Every structure is written in C-alpha cells, then in structure tokens.
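Reminder, nothing fancy here: chain letters follow the sequence lines and each chain counts from 1. These figures come from a predicted structure and were not determined experimentally. Values reported hereafter were calculated over all heavy atoms of this structure, with side chains retained and with hydrogens, waters and symmetry mates removed.
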4 protein chains.
Amino acid sequence: MTETTDETRRSIGARRNPASADAIREAAEAVLLEAGYAGFSIEAVARRARAGKPTIYRWWPSKAALLIDVYQRQKRVDNPDTGNLEDDLAQFLQSLFQHWRETPAGSIFRSVIAEAQTDEAAATALTEYAHNRRAHTGRMVARAIERGEVRADVEPTVVADLVASYAWVHLLTGRITEDEATTRVAIRAIVHGILAAPTG
Amino acid sequence: MTETTDETRRSIGARRNPASADAIREAAEAVLLEAGYAGFSIEAVARRARAGKPTIYRWWPSKAALLIDVYQRQKRVDNPDTGNLEDDLAQFLQSLFQHWRETPAGSIFRSVIAEAQTDEAAATALTEYAHNRRAHTGRMVARAIERGEVRADVEPTVVADLVASYAWVHLLTGRITEDEATTRVAIRAIVHGILAAPTG
Amino acid sequence: MTETTDETRRSIGARRNPASADAIREAAEAVLLEAGYAGFSIEAVARRARAGKPTIYRWWPSKAALLIDVYQRQKRVDNPDTGNLEDDLAQFLQSLFQHWRETPAGSIFRSVIAEAQTDEAAATALTEYAHNRRAHTGRMVARAIERGEVRADVEPTVVADLVASYAWVHLLTGRITEDEATTRVAIRAIVHGILAAPTG
Amino acid sequence: MTETTDETRRSIGARRNPASADAIREAAEAVLLEAGYAGFSIEAVARRARAGKPTIYRWWPSKAALLIDVYQRQKRVDNPDTGNLEDDLAQFLQSLFQHWRETPAGSIFRSVIAEAQTDEAAATALTEYAHNRRAHTGRMVARAIERGEVRADVEPTVVADLVASYAWVHLLTGRITEDEATTRVAIRAIVHGILAAPTG
DNA sequence: TATTAAGCGAGACGGTACGTCTCGTCTTAGA
DNA sequence: TCTAAGACGAGACGTACCGTCTCGCTTAATA
C-alpha cells in the first residue's frame with residue numbers, strides 16, 4: 001500500500017501511465033477493504049484514485065477484471081513441507097485462514113467469488129485460478145505419494161479440491177476464525193478416513 | 001411454477017394477500033431462472049408479478065430476504081439410506097448436483113451465496129441454513145456410526161461440512177456436471193482416507 | 001380546534017359519525033397549519049385523525065373537497081360600515097390581512113388557490129366562492145352609491161374584484177404584513193383615481 | 001417549440017450540453033401545455049425529452065426551478081405607449097390576457113404560482129419576478145406622471161400592483177377570456193376613481 | 001523542431017434500479 | 001351500514017452507479 005501521493009497525475013505520452021494504474025489498483029484494494037464488496041464501485045475507485053472513469057475502463061473492461069487484477073496482486077500462501085501430509089495440510093489451512101483474516105485477500109477473494117456468479121469473465125478467471133491453485137496445493141499430496149505416505153492411485157487434485165472447498169466455504173460463511181484443532185479434525189478425516197475398520 | 005393468472009389482484013382487507021405473495025415469489029423465481037442473479041432486481045420482479053414495489057418491500061425488507069424466501073421454497077434433496085456410507089454420500093452428492101442442474105434451485109442458491117457476500121441478513125440466513133443442512137446431512141454419518149461402520153469419535157457435522165463444501169464450490173465454479181465416478185473419488189477419500197498404510 | 005379526544009371512534013351504526021367528520025376536519029386544519037400545503041396529504045390527515053382513508057374518501061371525494069370544506073369552516077371577515085368608502089375598504093383589507101396572518105385561514109386559502117390550479121372541482125368551488133365574496137364585498141360599494149358617495153354607474157363587483165385581487169395576490173406572494181398606510185394608498189387609487197385633473 | 005430532433009444526444013465533454021438543456025426545457029413546456037400542472041413531473045419531462053432524470057436534477061434542483069426556468073423563457077408582453085394612461089393599461093391588460101390564452105405562458109404562470117405555495121425557491125423567484133414586473137408595468141404610469149396626466153405623488157408600482165393583481169386573479173380563476181369592455185371598466189376605476197364628486 | 005497520437009483528469013450524458021412516499025381503491029372485522 | 005385498519009397496484013420522488021462520450025491538457029515518438 002505504497003500510497004503514491006502524486007498531487008496530480010497527468011498523461012506521460014501515448015502510453016499507459018503506471019502511476020495511474022497503481023493508484024487505481026491501490027484505491028480498489030482500499031475501497032474493498034474499507035467498504036467491502038458492497039461499496040466497491042468503479043465510481044468509488046475512480047474517486048479515491050483521483051482518476052477518470054474512462055482511465056479505468058480503458059485498462060480493465062469491467063469491475064470483475066479490476067477485482068481479479070487486485071486479487072492477483074495478493075500474496076499467496078506457501079505450501080508447508082513437514083514430511084507429514086496431515087501436518088502439511090493442517091498448517092496450510094491455518095496459514096490460509098490467517099492470511100484471509102489479516103490481509104485484504106480474504107475480503108477480495110470473497111468478492112471475486114461473488115462477482116463470478118454474475119460476470120462471465122470473472123467466472124472464467126476464477127475457474128482458471130482455482131484450477132491452478134488445486135495443482136499447486138496438490139503438490140503437497142504428490143510429495144506424500146512420492147515418499148510412500150499416500151497411496152499411488154490417489155489423485156492429488158481431488159484432495160486439494162476437498163481442502164480448498166472446505167476453506168472457501170468457511171470464508172464465504174464467515175468461519176475463518178476457527179482454531180487449528182477444529183480444522184485438523186477435517187483434515188484428519190480426509191487423510192485417515194473415518195471408517196472404524198481400516199481399509200486394505 | 002403454477003402460473004396464477006389472476007387478471008387483477010386487489011387488497012383483501014387489512015391483511016396480507018397470499019395471492020400477491022405467491023405471485024411475487026413465483027415472479028422472483030422466474031426472473032432468477034431467466035435473467036440470472038445479474039438481472040434479479042426488485043423492479044424486475046414487481047414488473048413481472050404485476051405488483052407494486054411497496055408491496056414487495058412491505059413483506060421482504062431487502063432483495064436478500066426475497067431471495068432467501070424463494071430459496072426456502074425449493075425442494076430439498078433427501079438423504080439416501082443404503083446401509084453403506086460411501087454409497088449414501090455419493091448418491092447424495094449426485095442427487096444434489098442433479099437437483100441443482102435440473103431445477104432453479106442451483107441458480108437460486110448461487111445467488112443467495114453471492115448476496116450473502118454483500119448483505120448482512122443474507123449472510124446470517126445462509127449461516128443458519130448451512131448449519132441446519134450440515135446437521136441434516138450429518139445424520140447419514142450418524143447412522144453409519146450407530147451401525148459400527150464409522151468410528152464413534154467422528155463428528156458427523158464435520159464430515160457433512162466437507163461434503164457440502166465440495167458441493168458448494170462445484171456449484172460456484174460451474175462444476176456440477178461431473179459424473180458419479182468423479183464425485184465418488186472425493187467421497188472415497190473422506191470415507192476411507194488416502195493413506196497407504198491403514199490407520200489403527 | 002375543540003380537540004375531540006375520543007380514544008377510539010367506532011361506527012355509530014348505519015350513518016355518518018359526526019365525531020369522525022369533525023376529527024377529520026380538525027386534523028386537516030392542523031396538518032395544514034403545521035406542515036403547510038406541501039405536507040397536506042390524505043394519508044397525513046387520516047393518520048392524525050386516527051381515521052381510515054376510506055372514511056375520508058367516503059365523505060370528501062378528493063383532497064380539494066376536504067380543503068374547501070375546511071376553508072368554508074373558517075370565520076369570514078365582516079364588512080365595516082363607517083359611512084366612508086375609503087375607510088371601509090381600507091379597514092376591510094387590514095382586517096383581512098390580519099385574519100390571514102393570525103388564523104389558519106390564510107394558509108388554507110393559499111392552498112385552495114393552489115389546488116384549484118390542478119383540480120377541477122377546487123377550481124369550480126373557488127370560482128363560486130370568489131363570486132360570492134365579490135358580491136358580499138361589493139355591498140360596501142353599493143352602500144356608498146346609495147348614499148351618493150359613489151357614482152351610480154359604478155359596478156360594485158368590479159370594485160370588489162379589484163380590492164380582492166389585490167388582497168389575494170398579496171397573500172400568494174407573502175405580502176400580507178403590510179401596514180395600513182401602504183394598503184390605503186392602493187385603496188385611495190381605486191376610490192379617488194390617480195388623475196391630476198379631476199374627471200367630471 | 002423548435003423541435004430539436006437529434007436522434008441521440010451524448011455528452012459533449014465535461015460541460016453542460018445545451019442541446020440536452022434545450023430538449024428538457026422544451027419537453028417541460030410541452031408536458032405543461034398538454035398535461036397541465038397536474039401531469040407535470042420530472043419523470044414525464046425526462047421521458048419526453050429522452051433525457052435521464054439525473055441530467056435534469058443536475059441542472060435544476062427541483063421541479064420549481066425547472067418550472068421557473070421554463071417560465072423565464074416565455075415572451076413578455078410589452079407596455080403600450082399611446083399617450084393616454086387608460087388606453088395604455090387597458091391595452092396592456094388585453095394583450096396580457098391574449099398572451100396567456102394563446103401561448104403556454106398562461107398555463108406555465110399558473111403553475112409557478114401554485115408551486116410557489118409549496119416550494120420556497122419558487123416563492124422567492126416569484127416574489128422577485130413580480131417585483132420586477134411591477135417596476136416594468138409602473139413605467140406606463142411614470143410616463144403619465146411625466147406628461148402631467150397623473151398626479152406626481154402617485155406611486156407607479158402601486159398602480160402596477162393593482163393592475164397586475166387583477167390580471168393574476170383572473171388567470172387563477174379562469175377569467176382571462178373577458179373582453180376589452182369589461183377590463184376597461186376596472187382600469188377606469190383605477191385611473192379616474194369612482195367618486196361621484198371629483199377630488200381636488 | 002514541429003506534428004501527431006494517445007493517455008490523462010474531469011465530468012456530463014442516457015439509462016436503470018434503488019427504497020420511500022402518497023395516491024385512490026378494496027376488503028375485512030367489529031360496533 | 002358505518003368505522004378503523006391497512007393491504008393493494010400504480011407511479012413519482014430524488015440518489016447512486018452504470019458504461020460511454022467528449023473535452024482540454026500533457027507528453028513522447030515520429031517526421
């Protein structure tokens with residue numbers, strides 16, 4: 001949030017002014033953080049960024065595009081690598097919840113999901129993003145397979161899908177404050193299963 | 001969608017006219033189905049229902065309230081009871097996806113979730129609804145515990161949470177067309193776990 | 001303003017309840033006085049009178065009708081009879097201005113005139129009322145003719161028209177606070193004329 | 001009513017589009033003429049002008065402001081100068097009545113007066129307008145004083161007030177169809193007075 | 001060095017929807 | 001059969017944003 005306090009931004013010739021682009025992205029993030037998705041409008045962003053609306057529309061074709069751009073700027077949560085899948089996933093989930101609680105990322109991501117229910121482009125972007133994230137998160141499972149911890153026939157992305165879905169829905173229903181004990185119970189179900197008699 | 005084609009609806013005295021309420025609910029459902037959440041406005045519903053806007057606002061304080069009311073009217077998917085939890089959950093998930101695909105319910109539910117990201121009341125309603133559904137879905141797990149299929153220390157609602165989250169996120173990301181084989185893989189992970197060496 | 005504080009008024013059988021009618025008239029007057037013509041609505045009157053809207057519409061077909069009824073209840077200003085026309089007219093004008101200043105009559109009459117620009121019935125009622133008042137006011141002139149003070153060929157209602165018009169327009173443009181000296185100048189013009197050389 | 005049939009009006013940059021302003025004024029005039037003050041709403045004007053409501057509200061803060069603006073555009077009636085005050089005033093009155101009968105001006109002016117009974121801004125504007133018109137009409141009297149026809153101690157604006165009031169009230173009570181003979185009787189009273197014995 | 005081209009802020013434009021207000025009508029329950 | 005009550009369809013109110021447009025400016029690249 002490197003508050004670029006240029007008194008007035010002008011054109012810098014026949015090319016995009018990065019200062020304007022940054023100011024707009026930062027304003028978008030700030031608006032989203034302060035007023036939430038409900039208060040997130042192009043007008044509000046333009047006002048805050050001291051930018052003209054056409055400048056925004058020139059570079060981001062829709063509210064969704066700006067939203068996604070802002071989301072892409074957010075830091076991602078890294079995959080832990082403890083040598084134990086349950087610990088990896090539990091730690092990942094806790095880090096994700098913490099990230100969503102303590103940065104604008106959570107608020108922004110909720111907005112992206114909401115926007116995707118209305119806007120086709122946002123839906124596509126979200127689908128692609130989710131796909132990539134599943135692949136990324138799936139690497140924790142792949143490592144567990146490699147070290148023989150997890151069965152070889154397990155599809156890493158399916159496990160990642162389960163974990164991510166759990167996280168998303170908690171975000172969407174205001175349940176990202178849960179402690180490690182609670183989330184670990186869910187993770188353990190996925191990793192160990194829930195059957196009384198172990199499966200061969 | 002029992003198109004109540006009353007030529008003109010009038011007041012029936014100093015109390016709510018159920019014909020109007022029904023017409024509004026049906027119009028809301030129809031608008032949602034035809035124009036989607038993006039086209040869902042109180043004005044559009046009033047227009048379609050041939051009702052005055054104040055009549056809508058008199059009984060539903062917000063768009064969210066109407067949305068939730070419409071959603072509540074939707075048929076719920078029943079829990080199967082095959083005697084085998086994996087089969088129960090797989091069948092439940094397939095029925096749910098089919099229900100979301102073939103009735104307005106899916107479209108409406110997506111809208112409720114989106115609205116909940118903006119509207120406090122919708123968020124509360126959604127939270128409560130989700131809580132109830134977890135309890136309901138959890139009964140499948142509880143039955144499995146009772147018959148000794150599942151460990152007694154498993155919390156049924158946590159399992160329900162995992163299954164429901166998987167379903168919700170598939171709905172939100174346009175992946176409810178998946179076949180039984182795919183969903184069953186996810187269910188199997190939850191039920192049997194994914195470890196190479198079974199847990200004692 | 002004999003505040004009829006009936007806790008609840010009910011039907012008194014198959015005929016008009018005068019208490020309701022009075023309460024409505026009084027409420028109308030009070031609303032007009034407190035909120036002015038701008039705040040004068042059937043809803044506001046019904047609310048204040050604790051009466052049902054249909055009860056009002058049953059007896060007064062329109063806002064205009066109620067307005068006129070309320071105006072008709074107002075005390076009229078009497079014609080003075082000093083034996084001198086200029087004094088009579090000057091005194092009449094001052095009494096009228098005072099009446100309009102110190103009672104709701106002024107506010108109500110302004111409303112009737114405004115309403116008559118929109119409502120046909122109010123226009124008719126106002127026309128008739130104005131006609132009667134000209135006849136009444138004209139009697140001062142008629143008396144002056146009888147006693148030889150004024151030429152016999154003078155039409156009393158024309159003089160009354162001039163005086164009344166002057167009064168109305170002062171009411172409509174917020175100039176009813178003028179002192180006797182000012183109004184007398186206008187009266188003198190009508191009575192004595194303004195020519196330098198007297199007319200034979 | 002120079003029907004500016006621009007197919008579509010657009011913004012012409014960060015400044016007022018006179019074409020829109022004109023279209024709105026013309027639409028307002030047309031609505032007023034066709035539907036009267038009762039049918040005069042911002043919505044109706046916007047519809048007719050093919051303008052957005054906010055465009056109207058941007059430039060005219062209220063219905064009253066638009067009404068007054070439209071009224072200001074109307075042609076004024078000129079003062080005649082025949083060398084004889086009675087003829088001047090009689091002719092002025094007839095011209096005014098004719099103007100009010102044959103152009104939208106009469107209808108608009110009635111509306112302004114009605115609006116002024118509700119709206120503070122309209123009241124102020126009307127007061128100021130009336131003041132100016134009295135000064136203007138008073139010049140006929142001033143000229144008569146200059147040429148010795150009228151006494152020097154006569155206040156021209158008082159006479160103008162009498163004449164204008166007579167005209168206004170006739171407009172407000174639907175009596176602007178009167179012929180010259182009738183209006184001349186009133187004018188003669190003001191000019192010559194009505195006393196039997198001439199005043200010294 | 002002068003011209004051109006495009007980005008910039010600003011803000012007006014025609015629209016749509018918001019949530020509220022009042023209109024005049026209707027029906028009911030109770031006296 | 002009249003009363004209070006209040007719901008009803010209708011539609012205007014004044015406001016917020018939408019996405020588009022045109023302006024006057026500024027600067028960099030081109031001629």
5' precedence on DNA chain F between Glu43(C) and Ile42(A) (nearest-nucleotide basis): Glu43(C)
Rounded interatomic separation in angstrom, taking CG from Asp119(A) and P from dC18(F): 13 Å
Distance test, side-chain N/O of Thr55(A) to OP1/OP2 of dG7(E), below 4.0 Å: no
Ser20(B) vs dG9(F): side-chain N/O to OP1/OP2 distance below 4.0 Å: yes
N or O in side chain of Arg47(A) less than 4.0 angstrom from dA10(E) OP1/OP2: no
Over 12 foreign heavy atoms within 6.0 Å of CD, Gln72(C): yes
Check against side-chain contact (heavy atoms from CB on, under 4.5 Å), Trp60(B) and Ile24(B): CA-CA 10 Å; Trp60(B) 296 273; Ile24(B) 289 164; 3.6 Å; yes
Donor-acceptor pair under 3.5 Å, Lys53(D) side chain vs dG15(E) base: no
Length of the CD-C1' vector between Glu115(A) and dC18(F), whole Å: 13 Å
Separation of dG9(E) C1' from Ile24(A) CD1 (nearest whole Å): 11 Å
Non-hydrogen side-chain atoms of Leu33(B) and Glu29(B) separated by less than 4.5 Å: no
Close side-chain approach of Gln74(B) to Phe109(B), heavy-atom, < 4.5 Å: no
dC8(E) phosphate, OP1 or OP2, under 4.0 Å from Trp59(A) side-chain N/O: yes
Contact nearer the 5' end of DNA chain E, comparing Ser41(C) with Ala21(D): Ala21(D)
Arg48(A) with Glu34(A): basic N within carboxylate O range, under 4.0 Å: yes
Whole-Å gap separating C1' (dC26(E)) and CZ (Arg16(B)): 18 Å
Distance, rounded to the nearest Å, where Tyr57(B) contributes OH and dC21(E) contributes P: 13 Å
Ile12(A): which of Arg9(A), Arg16(A), Arg15(A), Arg10(A) passes side chain to side chain contact (heavy atoms under 4.5 Å, CB included): Arg15(A)
Annotated protein contacts, base or backbone, on nucleotides 22-31 of chain F with a non-hydrogen cut-off under 4.0 Å, one of B, S, - each: BS--BBS---
Overall bend - the helix from dT1(E)-dA31(F) to dA31(E)-dT1(F), comparing terminal axes fitted on five pairs, nearest 10 degrees: 20°
Under-4.0 Å side-chain N/O to phosphate OP1/OP2 contact, Arg58(D) with dT15(F): no
Student check: side-chain heavy atoms of Asp69(D) and Arg25(D) closer than 4.5 Å: yes
Which residues share a side chain to side chain donor-acceptor pair (under 3.5 Å) with Lys53(D), sequence neighbours left out: Glu43(D)
Separation of atom CZ in Arg48(D) from atom C1' in dA12(F), rounded to whole Å: 18 Å
Ring geometry between Tyr71(D) and Tyr129(D) (parallel below 30°, tilted from 30 to 60°, perpendicular above 60°): perpendicular
Touch class at under 4.0 angstrom, heavy-atom based, for Trp60(B) against every strand present: nothing
Phosphate contact (dC13(E) OP1 or OP2) by Arg50(D) side-chain N/O below 4.0 Å: no
Whole-Å gap separating P (dG11(E)) and CZ (Arg9(D)): 22 Å
Whole angstrom value for the distance that separates P of dT25(E) from CD1 of Ile56(C): 13 Å
Any side-chain heavy-atom pair of Leu32(B) and Leu67(B) under 4.5 Å: yes
